[in-house]
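Have a look at the structure below before the remarks.
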Amino acid sequence: MPPAAILTAVAGIGIVAGLIAAGGQRLRTAIDPEETAAPTALTAPPAAPVAQRITNPEASMNARPVDDASQFYPAAIDGKPLERIAAAEPEQPAKIPEDKGVNLVRPVAESAGVLAFGDRRLQLADINPTPADKTCTDSKGREWPCGMLAKTNVRLFLRLRTVRCDLDSAEWTGTVTAACRIGTQDISQWLVENGWAEADSGSALADAGETARRTGKGIYGDDPRSIAETGTPENLPSDLPPDGL
């Protein structure tokens, strides 16, 4: 081979080797070894501290369970622990007493305290009826037919209106005793308050009877003949219904 060709070949090999070396240096510079390194494991957050159990028995006695509702309320007020109180029971509506009475039509007063319904008799409760033939003495020592005037005033009060009496049935024989009323007015109470009959001893009308005696009403007072002649009974309630119901 001619010497010129050999020099040309050697020079070409040197140039190629130089290019290869320069390319390797450039490649090493482009790649960051830190970026190509294997990723490290992520750091876990620190664990929460473990709650310590209460070892003081006195403190554990004061502990109370916490639920969703109680967590918003303090455990104590002014140093005193809260107490759980039972819920109040809802108030029940008042029961209206059942009226088991019966209506009796066209009552006739035989005396101040006894009503007649045909051949049957009804004595009003809580009073001692005033006999129709009873006589009384007024403040001037004069006798007057207080029993007859008492019966007259009761008849004017009733006026044959229907009465409602505390009986199980409207059918009975002989004589029964029961409380009766016209509207809301108890007839026995009206008789005692106006002095036309005496209240039974120990009954709820005893105080009203004593008041009538003290104030001289009815059989305890003077002859009210003028009232009987005009046909106007004393102290009639102003709110009585026309038919007694």
Side-chain angles (χ1 to χ4, degrees), residues 93-136 144-213 217-221 224-225 227-245:
K95 293 184 178 180
I96 301 176
E98 184 178 358
D99 186 0
K100 296 183 179 180
V102 297
N103 293 331
L104 302 175
V105 298
R106 301 183 65 81
V108 177
E110 281 197 345
S111 65
V114 177
L115 306 181
F117 300 89
D119 58 352
R120 300 173 299 166
R121 301 293 181 270
L122 186 149
Q123 179 174 323
L124 295 171
D126 298 328
I127 64 172
N128 292 320
T130 302
D133 57 356
K134 179 180 176 66
T135 59
C136 300
W144 59 282
C146 57
M148 182 61 67
L149 291 180
K151 181 179 74 170
T152 301
N153 274 271
V154 177
R155 287 189 172 185
L156 292 171
F157 171 71
L158 294 175
R159 298 200 302 274
L160 298 178
R161 291 178 295 178
T162 298
V163 298
R164 188 165 185 83
C165 301
D166 295 337
L167 295 171
D168 294 332
S169 173
E171 302 298 330
W172 76 90
T173 59
T175 302
V176 296
T177 300
C180 298
R181 55 198 171 275
I182 294 179
T184 59
Q185 175 64 61
D186 184 84
I187 302 175
S188 296
Q189 181 183 11
W190 183 87
L191 287 169
V192 172
E193 288 179 346
N194 289 281
W196 294 122
E198 296 180 355
D200 279 342
S201 177
S203 74
L205 301 176
D207 290 343
E210 185 59 31
T211 300
R213 182 189 299 274
K217 289 187 175 182
I219 61 176
Y220 308 114
R225 198 70 56 87
I227 297 178
E229 291 175 354
T230 58
T232 305
E234 294 181 344
N235 301 328
L236 282 180
S238 59
D239 60 345
L240 289 178
D243 60 353
L245 297 177

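If you read the sequence from its start, that first residue is 1, and numbering goes on from there. Side-chain atoms are counted along with the backbone in the values below, which use heavy atoms only and exclude waters and symmetry mates.
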Nearest heavy atoms of [X] and [Y], plus distance in Å:
X    : Y    : answer
F117 : V163 : CZ-CG2, 4.1 Å
V108 : R155 : CG1-NH2, 3.7 Å
P107 : L160 : O-CD2, 3.4 Å
L124 : S188 : CB-OG, 3.3 Å
T175 : Q123 : CG2-N, 4.4 Å
C146 : I219 : CB-CG2, 3.9 Å

(message) Just to verify, what does V176 make a side chain to side chain contact (heavy atoms under 4.5 Å, CB included) with, not counting sequence neighbours?
(response)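 Per chain and number, V176 pairs via side chain to side chain contact (heavy atoms under 4.5 Å, CB included) with L122, L167, W172.
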(request) Could you pull out all residues at least two apart from Y220 that satisfy side chain to side chain contact (heavy atoms under 4.5 Å, CB included)? (result)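 Result, side chain to side chain contact (heavy atoms under 4.5 Å, CB included) vs Y220: E198, A212, R213.
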(message) Can you tell me how far apart CG (L104) and CG (L115) are? Round to the nearest 0.5 Å.
(response) 8.5 Å
(request) Starting at OG1 of T177, measure out to CG of D166 and round the result to the nearest 0.5 Å. (result) 12.0 Å
Side chains of residues 125-135: which donor-acceptor partners sit under 3.5 Å, not counting sequence neighbours?
unit_1	atom_1	unit_2	atom_2	d
T130	OG1	W196	O	2.7

(message) For E110, give me all partners under side-chain hydrogen bond (donor to acceptor under 3.5 Å, both in side chains), at least two apart in sequence or on another chain.
(response) R121
(message) Tell me every residue that passes side-chain hydrogen bond (donor to acceptor under 3.5 Å, both in side chains) with Q189, counting only those two or more places apart in sequence or in another chain.
(response)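 So Q189 forms a side-chain hydrogen bond (donor to acceptor under 3.5 Å, both in side chains) with E193.
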(message) I'd like to check I182 versus I187 (side-chain heavy atoms, cut-off strictly below 4.5 Å). Are they in contact?
(response) yes
(message) Run S169 and V102 through side-chain contact (heavy atoms from CB on, under 4.5 Å) and show every step you take.
(response) CA-CA 7 Å; S169 173; V102 297; 5.7 Å; no
